[in-house]
2 protein chains.
Amino acid sequence: MTVSLDQLQAFVIAAETGSFSAAARRLHKAQSAVSTQISNLEEDLGLALFSRAGRSPTLTPAGERLLLEARVILDRREHLIGVARSFEAHVEQRLVVAIDEIYPERIMAEVFAEFAEHFPHVELELLFPMMEDVSRLVLTGKADLGVMWRQEILPTELGFQTLGWVPIKMVCGKHHPLAKVRVDWEDLKRHRQILVAAHSDGPEKQRLRVAPEVWWVESHWVILQLVRQGIGWAFVSSHVIEASPVAADLVIPELQFDDFDLPVAVELVWHKQRPCGPAAKWLRQRFAATRI
Amino acid sequence: MTVSLDQLQAFVIAAETGSFSAAARRLHKAQSAVSTQISNLEEDLGLALFSRAGRSPTLTPAGERLLLEARVILDRREHLIGVARSFEAHVEQRLVVAIDEIYPERIMAEVFAEFAEHFPHVELELLFPMMEDVSRLVLTGKADLGVMWRQEILPTELGFQTLGWVPIKMVCGKHHPLAKVRVDWEDLKRHRQILVAAHSDGPEKQRLRVAPEVWWVESHWVILQLVRQGIGWAFVSSHVIEASPVAADLVIPELQFDDFDLPVAVELVWHKQRPCGPAAKWLRQRFAATRI
DNA sequence: GTCATCTATCTGTTTTTAAGATGGTATCTA
DNA sequence: TAGATACCATCTTAAAAACAGATAGATGAC
């Protein structure tokens with residue numbers, strides 16, 4: 001005879017309830033069944049799991065230790081069944097989501113925390129490319145879903161939906177010449193602008209370009225580091241500025257022209273022809289339900 | 001009906017052999033048994049594990065995935081049984097070994113590699129205290145076994161056995177005044193000696209003291225760093241010097257007096273009254289079998 | 001002491017599992 | 001193309017295991 005899952009189940013429940021009878025009740029079996037199962041298990045293992053001295057059985061040291069192992073095995077069975085159910089429901093084995101850094105991290109974390117609960121068996125890959133790179137990844141099938149800035153021209157193969165608007169602020173370093181003046185449009189043109197760089201070369205890349213002199217940087221966080229050093233000014237979404245460790249050294253100057261806080265639309269993007277599995281569908285709805 | 005270990009076993013073996021019949025032979029069962037077990041498992045999980053199109057069954061994508069899970073579960077069963085056997089054999093759950101740094105690391109690594117194979121279920125804690133601290137740990141029960149320098153006065157509660165002799169060399173930095181001369185005993189007294197520091201204050205601590213001016217340092221590796229800087233000279237076991245990343249900057253000067261390479265005896269130490277379990281016994285024998 | 005509750009064990013029954021036999025199918029060879 | 005071989009599914013029957021129910025002994029609460 002060999003250690004079976006039923007034996008382990010009886011063992012674990014008995015250890016939890018502290019009584020074979022109670023375990024039998026919880027398992028909808030007769031008390032004798034549980035009693036013999038545990039007895040058999042003990043014989044198989046060659047040691048006593050419970051001490052039957054008193055009224056109710058108590059775990060021996062070996063029992064304590066093996067209880068941990070038994071729980072692991074039973075958990076793994078649940079896990080296996082969960083994975084099987086995912087297959088049954090045609091849940092994706094793997095989901096790749098590309099998200100622009102302008103999407104607020106806090107909300108993202110909430111969404112994916114829930115996702116992990118609903119789809120514990122889906123392997124998730126999160127990419128953080130820049131701007132148009134998101135749509136490129138979705139277009140080429142390297143990502144299943146994308147979250148990105150609204151683009152004027154989006155390939156027709158892609159479906160999209162607006163998630164909300166992220167306010168964009170002009171930001172510069174504490175000691176930058178623009179830090180202390182009311183800035184007008186011409187002032188911006190006179191200083192170096194630091195822009196988000198994307199791998200792909202599209203018209204979108206230039207949309208926020210104001211100054212003739214620009215640097216391209218592939219990370220918002222690095223941009224803020226550069227801005228802090230006084231190397232130039234930049235348009236950055238406010239939540240990135242707030243969450244930045246260098247926020248204290250940054251200034252959001254007053255603007256002379258019509259209160260520029262250009263809200264940028266954030267879009268959810270997917271490929272129309274590629275069918276969405278349940279996990280992707282759920283994510284789409286969840287993202288859409290959370291207005292920024 | 002529920003997923004059972006026998007089913008998983010049949011599944012895994014069938015996947016490994018690529019044939020239900022072969023799996024049946026390996027399991028010493030009839031082919032029909034394996035066939036129905038896998039069939040039942042598939043029904044339980046609600047999906048096909050194998051595709052029966054061709055001559056021999058091949059895993060479906062779901063089968064591939066679930067094979068990993070099944071293997072984990074079966075491995076954990078083996079593990080559980082292993083832990084149980086340890087209890088049966090009264091193997092220690094946990095073993096604490098205190099080892100002086102002068103014991104050669106390479107040998108130590110070999111010994112514990114073998115130990116891990118023989119006693120995969122024993123939780124091991126390795127401590128590296130200095131000199132007499134080893135015997136203190138063994139004496140107070142904080143360690144089960146100790147490996148240390150021979151001490152002149154060892155508490156009578158401790159049993160011990162010599163493992164071998166480690167040659168001790170006098171070492172100094174490349175630019176130290178002693179580096180270029182034939183050193184005599186009086187020379188040593190004139191320069192700062194760097195000694196191994198122990199937490200406990202015993203006579204042993206002073207045994208290797210030669211110079212009036214000394215520093216105490218609790219790590220051989222740090223001692224060599226200091227020696228390299230020319231801060232002083234030290235007695236250090238040669239394997240520590242050789243294994244040191246700063247070996248190139250160190251010098252072992254010629255000695256004028258009777259070829260000092262004071263071999264220090266390395267002892268295995270245990271507490272006489274505390275009974276040794278199988279794991280400790282094995283370790284003692286293994287250490288003793290390996291002469292340094 | 002009495003009562004309620006627990007566990008171990010026995011007994012007969014039910015369920016599950018295994019083996020053996022059979023038939024159908026794919027693959028290889030002559 | 002026919003035959004041989006190895007494979008899997010299925011059916012039937014026999015063996016084994018698991019189960020419920022009953023009972024007896026033990027423990028702790030009152």
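Below, chains carry the letters A, B, ... as their sequence lines are ordered, and counting in each starts from 1.
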Problem - Residues, nucleotides or ligands: over 12 heavy atoms within 6.0 Å of Gln273(B) CD - result: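 No, the 6.0 Å shell around CD holds no more than 12 heavy atoms from other groups.
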
Return the value, rounded to whole Å, for the distance between atom [atom1] of [X] and atom [atom2] of [N].
X        : N       : atom1 : atom2 : value
Asp6(A)  : dA16(D) : CG    : C1'   : 15 Å
Leu49(B) : dA9(D)  : CG    : P     : 12 Å
Ile38(B) : dT17(C) : CD1   : P     : 14 Å
Asn40(B) : dT10(D) : CG    : P     : 11 Å
Gln7(A)  : dC19(D) : CD    : C1'   : 15 Å
Leu27(A) : dA18(D) : CG    : P     : 15 Å
Asp44(B) : dT17(C) : CG    : C1'   : 14 Å
Phe50(B) : dA9(D)  : CZ    : P     : 10 Å

Exercise for the section: Strictly below 4.0 Å, heavy-atom distances to any atom of DNA chain C: list the hits from residues 9-26 of chain A, or just say none. Expected result: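 Listed by number, they are Ser19(A), Phe20(A), Ser21(A), Arg25(A).
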
Would you tell me if any nitrogen or oxygen in the side chain of [X] comes within less than 4.0 Å of OP1 or OP2 on [N]?
X        : N       : result
Gln31(B) : dT10(D) : no
Ser32(B) : dG20(C) : no
Arg52(A) : dC6(C)  : no

Practice task
With DNA chain D as reference, determine whether Ser39(B) or His28(A) sits nearer its 5' end, using the nearest nucleotide of each.
Solution key: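 Its nucleotide being nearer the 5' end, the pick is Ser39(B).
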
Practice task
Among dA9(D), dA18(C), dA8(C), find the nucleotide with the atom closest to the side chain of Gln37(B).
Solution key: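 Selected nucleotide (nearest to the side chain): dA18(C).
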
Problem - Among dA18(C), dT7(C), dA20(D), the nucleotide that comes nearest once only the side chain of Lys29(B) is considered - result: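 Of dA18(C), dT7(C), dA20(D), dA18(C) is nearest to the side chain of Lys29(B).
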
Under 3.5 Å, is there a donor-acceptor pair linking the side chains of [X] and [Y]?
X         : Y         : result
Thr290(A) : Arg286(A) : yes
Ser21(A)  : Gln31(A)  : no
Thr162(A) : Arg150(A) : yes
Arg52(B)  : Thr58(B)  : no

Problem - Pairs where residues 26-50 of chain A contributes a residue and the test ring pair (Phe, Tyr, Trp, His ring centres under 6.0 Å) is met, not counting sequence neighbours - result: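 Sorted result for residues 26-50 of chain A: Phe11(A)-Phe50(A), Phe20(A)-Phe50(A).
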
Problem - Residue whose closest nucleotide on DNA chain C lies nearer the 5' end, Thr36(A) versus Ser56(A) - result: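 Its nucleotide being nearer the 5' end, the pick is Ser56(A).
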
Practice task
Please find out if less than 6.0 Å separates the ring center of Tyr103(A) from that of Phe287(A).
Solution key: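 Yes - the distance between ring centres of Tyr103(A) and Phe287(A) falls below the 6.0 Å cut-off.
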
